[in-house]
Amino acid sequence: MAEEEVKVFRSWSSAFGLRVIWALKLKGVEFDTVYEDLSNKSPLLLQYNPVHKKVPVLLHNGKPICESLVILEYVDETWKQFPLLPQDPHERAKARFWAKFGDDKVLQSIAFGILFMEGKEQEEEIPRAMEILQHLEEELKGKKFFGGEKLG
């Protein structure tokens, strides 16, 4: 069997890239990391992600996969050991919901609503962020992980 080529194009500061790294490590997949300077994007990044022109990008045997949640599903379907998503369709749908909630609500609220604001704007955003985080706390109540007792 030929050796697989797996590369992850990411930036130093991207949480989205980190989730791809964590998934590959959880599954025991060997990979190389290509760090991108987002202020001076490489021709390879632009070639592999011509639509969004951003990281992360997973390159698997010369085929690019873009967008972190899409990459995670690809990783889970390609390398079956240590599943990231539950086997039960309802539980899998819930996991996808919370991942999207994290991207669309939590990240937006914390990063853009609090960290990048100051003064009165920041102060006004804190209750909204707390409400969003309360949803996560309720979902995690009594569990070690979103999936229950197993990391995924």
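Contact annotation: the side chain of Val8 approaches that of Leu24 to within less than 4.5 Å [non-hydrogen atoms, C-beta and beyond]. Side chains of Arg128 and Glu131 form no contact here, defined as non-hydrogen atoms less than 4.5 Å apart. Looking at Ile110 and Leu133, their side chains come closer than 4.5 Å, going by heavy atoms from C-beta outward. Counting only heavy atoms from C-beta outward, the side chains of Met117 and Glu124 never approach each other to under 4.5 Å. Put simply, the side chain of Ile71 does not reach to within 4.5 Å of the side chain of Arg19, judged on heavy atoms. At a threshold of 4.5 Å between non-hydrogen side-chain atoms, the residues Glu4 and Asn61 count as touching. The shortest side-chain heavy-atom distance between Asp103 and Phe16 falls under the 4.5 Å cut-off.
Heavy atoms from other residues, nucleotides or ligands lying under 6.0 Å from CD of Gln47 number more than 12. Counting non-hydrogen atoms of neighbouring residues, nucleotides and ligands closer than 6.0 angstrom, the CD atom of Glu121 reaches no more than 12 such neighbours. Surrounding CD of Glu123 are at most 12 heavy atoms belonging to other residues, nucleotides or ligands under 6.0 Å away. Annotation for Glu118: atom CD does not count as buried by contact number, only 12 or fewer foreign heavy atoms lying within 6.0 Å.
Taking the side-chain contact (heavy atoms from CB on, under 4.5 Å) definition, one finds that Lys54 meets it with Asn49, His52, Glu67, sequence neighbours left out.
Here the closest heavy-atom approach between residue Gln81 and residue Val29 is recorded as NE2-CG2, 4.3 Å. Here the closest heavy-atom approach between residue Asp76 and residue Lys27 is recorded as OD1-NZ, 2.9 Å. Taking all atoms of both residues into account, the shortest heavy-atom contact from Lys63 to Ile65 is O-CD1, 3.4 Å. Between Ala99 and Leu69, the shortest heavy-atom distance links the atoms CB-CD2, 3.7 Å. Considering all non-hydrogen atoms of both residues, Lys80 and Glu77 come closest at NZ-O, 2.9 Å. When every heavy atom of Val6 is checked against every heavy atom of Glu30, the shortest pair comes out as CB-O, 3.6 Å.
Linking Ile, Leu, Val, Met, Phe, Trp and Tyr residues whenever their side-chain heavy atoms come within less than 4.5 Å leaves Val34 and Ile21 in two separate clusters. When hydrophobic clusters are built by joining Ile, Leu, Val, Met, Phe, Trp and Tyr residues whose side-chain heavy atoms come closer than 4.5 Å, directly or via intermediates, Tyr74 is not grouped with Val57. Using a 4.5 Å cut-off between side-chain heavy atoms of Ile, Leu, Val, Met, Phe, Trp and Tyr, with links allowed through other members, Tyr35 and Val20 fall into different hydrophobic clusters.
The distance from atom OG1 of Thr33 to atom CH2 of Trp12, rounded to the nearest 0.5 Å, is 8.5 Å. Interatomic distance, Arg10 CZ to Leu18 CG, rounded to the nearest 0.5 Å: 4.5 Å. In this structure, SG on Cys66 lies 10.5 Å from CZ on Phe9, to the nearest 0.5 angstrom. The OG atom of Ser109 lies 12.0 Å from the CG atom of Asp104; values are rounded to the nearest 0.5 Å. One distance of note links CD of Glu36 with CG of Leu45; it measures 4.5 Å at 0.5 Å rounding.
Residues Ile114, Ile126 make up the rest of the hydrophobic cluster containing Met130, defined by ILVMFWY side-chain heavy atoms closer than 4.5 Å, directly or through other members.
A tilted orientation is assigned to the rings of Trp79 and His60, their planes being inclined by 30° to 60°. Aromatic ring orientation, Phe101 versus Trp98: perpendicular (interplanar angle above 60°, classes split at 30° and 60°).
With Lys41 contributing its side chain and Lys53 its backbone, the two residues share a donor-acceptor pair below 3.5 Å.
The pair Glu91-Lys94 counts as a salt bridge, with a side-chain nitrogen and a carboxylate oxygen less than 4.0 angstrom apart.
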